[in-house]
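Worksheet for the structure shown next.
Computed from a prediction, not measured in an experiment: that's the story for all the values here. Positions are given from 1 along the sequence.
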Amino acid sequence: MTVEDSKVKRSALMSAYLRGYHAVHETPKIFNDFLAHHLLKEEERAAFEQTMVTTLQLVDPERAAACEDRTAAVACMLQSYFPTSLFLSRARYAEDRLESAIRQGIKQYLILGAGMDTFAFRHPETLMDIQVFEIDHPATQAFKRRRLTELGWELPSNLHFVPLDFTKENLETALARSSFDAKSLSFFSWLGVIHYLPREAVFSSLHSIASLCPAGSSVTFDYWDTDAFDTERTAKRVKLMQEMLRSAGEPMLTGLDPSTLPDELLDIRLRLQEHWSPAHIQGHYFQGRTDGYYAYEHSHFANAVVE
């Protein structure tokens, strides 16, 4: 990796690994990102897997000893400790909501914190009807664009890259540099970002969405509740993930209160249309599975409409 590559969010690469692993190795699919596997090089995938094997030996040596080989140890970590179920279910939730929004007439799809998202390459038929904007940290976005070039993937004409550091610049300023049309109905997907930001940056960004777009536009996002940041209430695998990300220089900062969120959103002209708890997520995406996957504790999904 170059010096610039070292600034790339590790969580963005991990998300691609988890989605890719699921698409290649597991059935039935919670979310079938059949392209994610290609976005990581073999040595990058191997590094993630070695981390998982080592971590399992540390957190559960008895279970690690029971794994017959490296493959079994990786599967154990993915199903029991890593946030695989979260990454898969929130991506499924967002694209399910997007599909509904397209039927209702939205013309722009904005992916905030896009990371290694592959929507524009998985759904070429949909790009005939909408414009897709990937908004992400400049370093992560530059890394992805270099990787796409290395893979030889042709960039769709309806795909637009917008660099943005959420902690240093607002969404309006970044979109003003792009072909974004503030008069068109838009759908925003904001996954895996809120818990990394200060609370004021979270609501500032949501307020920007409400201010930028006409009524009827919407935003889908995920967040962790405040219990996730209470050491006495945090689930074991959530605490483990927080510790791993903190050591990687990506600490979790913000949790939201599900009981007050509806009113907080109304204050910035967003009406909470749908609000899923871990129990809701379990019932929709994991009920009846026999592979050990279950909804991620403390994780909530929300869909809000601009009033």
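Between Glu264 and Arg199 there is a salt bridge, since a side-chain N of the basic residue sits under 4.0 Å from a carboxylate O of the acidic one.
To the nearest 0.5 Å, atoms CZ (Arg237) and CG (Leu86) are separated by 8.5 Å.
Checking Thr260 against Asp263 by side-chain atom types alone, no donor-acceptor pair falls below 3.5 Å. His298 and Asp225 are linked by a side-chain donor-acceptor pair at a separation below 3.5 angstrom, with hydrogens and angles left out of the test. Between the side chains of Ser247 and Glu243, not a single donor N or O lies within less than 3.5 Å of an accepting N or O. Side chains of Arg145 and Thr149: no donor on one and acceptor on the other come within 3.5 Å. Checked by atom type, the side-chain pair Tyr93/Asp222 shows no donor-acceptor distance below 3.5 Å. Side-chain N/O atoms of Asp33 and Thr118 include a donor and acceptor closer than 3.5 Å.
Listed by chain and number, the residues in a ring pair (Phe, Tyr, Trp, His ring centres under 6.0 Å) with Phe48 are Tyr17 (sequence neighbours excluded). With sequence neighbours excluded, the residues satisfying side-chain contact (heavy atoms from CB on, under 4.5 Å) with Val306 are Ser217, Arg269, Leu270. Remark: Arg63 engages no residue in a salt bridge (charged side-chain N to carboxylate O under 4.0 Å, His left out) (not counting sequence neighbours). For Asp257, there are no salt bridge (charged side-chain N to carboxylate O under 4.0 Å, His left out) partners two or more places apart in sequence or in a different chain. Partners of Phe286 under the ring pair (Phe, Tyr, Trp, His ring centres under 6.0 Å) rule, at least two apart in sequence or in another chain, do not exist in this structure.
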Item to complete: Take Arg122 and Glu95 through the salt bridge (charged side-chain N to carboxylate O under 4.0 Å, His left out) test and state the conclusion after the steps.
Response: CA-CA 12 Å; Arg122 283 183 286 109; Glu95 291 197 10; 2.6 Å; yes
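Between the side chain of Asp136 and the main chain of Gly115, a donor-acceptor pair closer than 3.5 Å is present.
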Cut-off 3.5 Å, no hydrogens considered: what does the side-chain donor-acceptor table look like for residues 182-197, sequence neighbours left out?
{"from": "Ser184", "atom 1": "OG", "to": "Asp181", "atom 2": "OD2", "distance (Å)": "2.9"}
{"from": "Ser186", "atom 1": "OG", "to": "Gln108", "atom 2": "NE2", "distance (Å)": "2.8"}
{"from": "Ser186", "atom 1": "OG", "to": "Ser184", "atom 2": "O", "distance (Å)": "3.1"}

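The aromatic ring centres of Tyr109 and Phe119 sit less than 6.0 Å apart. In this structure, the ring of Trp276 has its center no less than 6.0 angstrom from the ring center of His300.
Summarising the local packing, CD of Glu68 is surrounded by 12 or fewer heavy atoms from other residues, nucleotides or ligands at distances under 6.0 Å.
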